[in-house]
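Report on the following structure.
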Amino acid sequence: MERVQLDFPDAAIIHRHSLSVRVTDMNYGRHLGHDALVSLLHEARIQAFASLELPEWDMHGYPSVVADLAVQYQSEARWPDALLVETAVPSPEGKALTVYQRMIHAESGRPVATARINQLLVDTATGRPVAVPASVVEALAKARGT
């Protein structure tokens, strides 16, 4: 079986968000379920962009949409584990923001999952993707310290 292998870009971290596994996040295997993982990653991602005054629904004039998602599962998390989600966004190329997220156990640093999300900014008039505005590129570079 071929597995997804993601390389998390440590140098591109823009935000860290603490959260914990809720009892409602558990699946029948009594660990963090896939649907809950995606929701927790979304919460951390929206917090990361909001910290830069870039809400996903208005990134300097354009809403963003998720084009694809890849997740590499690395270990289990259970209620009430404390977790940390690191969000990294390398310099955008073309019309997509590539967002990496790494979920780790807060105490041990053991990885739970690594994800890659490609987000497109869309012109609402045409429904077509647009180039990432220079102001968004600059905000991300500032957050990375580059």
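Given the structure is predicted, the values throughout are model-derived calculations rather than measurements.
- Between V66 and N118, every side-chain heavy-atom pair lies at or beyond the 4.5 Å cut-off.
- The hydrophobic cluster containing W79 also contains L41, counting ILVMFWY residues as joined when their side-chain heavy atoms lie under 4.5 angstrom apart, directly or transitively.
- Hydrophobic clustering (ILVMFWY, side-chain heavy atoms < 4.5 Å, transitive): Y100 and L69 are in distinct clusters.
- You'll find the side chain of L140 reaches within 4.5 Å of the side chain of L97, heavy atoms only.
- Around atom CG of D7, no more than 12 heavy atoms belonging to other residues, nucleotides or ligands sit under 6.0 Å away.
- Scanning all heavy atoms of the two residues, the minimum distance from S64 to M59 falls at CB-SD, 4.3 Å.
- The side chain to side chain donor-acceptor pair (under 3.5 Å) search around D35 returns none, not counting sequence neighbours.
- The same ILVMFWY cluster, assembled from side-chain heavy atoms under 4.5 Å apart, contains both L40 and V38.
- Identified under the salt bridge (Lys or Arg N to Asp or Glu O under 4.0 Å) test for residues 89-113, with sequence neighbours left out: D10-R102, E86-R102.
- Hydrophobic cluster membership for L6: V4 (Ile, Leu, Val, Met, Phe, Trp, Tyr linked by side-chain heavy atoms under 4.5 Å, directly or transitively).
- With sequence neighbours excluded, the residues that form a side chain to side chain contact (heavy atoms under 4.5 Å, CB included) with A44 are H17, V85, Q101.
- In the hydrophobic clustering of ILVMFWY residues, with side-chain heavy atoms under 4.5 Å counting as a link, L52 and V136 come out together.
- For A48, the side chain to side chain contact (heavy atoms under 4.5 Å, CB included) partners two or more places apart in sequence, or in a different chain, are I14, H15, T87.
- Applying the salt bridge (Lys or Arg N to Asp or Glu O under 4.0 Å) rule to pairs touching residues 52-63 yields R45-E56, sequence neighbours excluded.
- Applying the side-chain hydrogen bond (donor to acceptor under 3.5 Å, both in side chains) test to every pair with at least one member in residues 132-146, sequence neighbours left out, gives these pairs: H60-S135.
- Between Q119 and L121, the closest side-chain pair of non-hydrogen atoms is not below 4.5 Å.
- Between V112 and Q74 the shortest side-chain heavy-atom distance does not fall below 4.5 Å.
- Applying the side-chain hydrogen bond (donor to acceptor under 3.5 Å, both in side chains) definition to pairs two or more places apart or across chains, none involves residues 123-133.
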Assess whether side-chain contact (heavy atoms from CB on, under 4.5 Å) is satisfied between H105 and D81, documenting all intermediate values. CA-CA 7 Å; H105 287 273; D81 290 351; 3.2 Å; yes
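- The two residues A113 and V71 have their closest heavy-atom pair at CB-CG1, 4.2 Å.
- Not counting sequence neighbours, the partners of V122 by the side chain to side chain contact (heavy atoms under 4.5 Å, CB included) test are V65.
- Between P90 and P9, the closest side-chain pair of non-hydrogen atoms falls below 4.5 Å.
- With sequence neighbours left out, D25 forms a side chain to side chain donor-acceptor pair (under 3.5 Å) with R22.
- L32 is not listed as a side-chain neighbour of M26, based on a closest heavy-atom distance of 4.5 Å or more.
- Across all their heavy atoms, L37 and Y73 have their closest contact at CD2-CE2, 3.7 Å.
- You'll find the side chain of Y62 stays beyond 4.5 Å of the side chain of L120, heavy atoms only.
- Residues W57 and V99 do not share a hydrophobic cluster, clusters being chains of Ile/Leu/Val/Met/Phe/Trp/Tyr side chains in contact below 4.5 Å.
- By the 4.5 Å heavy-atom criterion applied to side chains, V89 and T98 are not counted as neighbours.
- Counting only residues at least two apart or in different chains, salt bridge (Lys or Arg N to Asp or Glu O under 4.0 Å) contacts with residues 70-80 comprise E76-R78.
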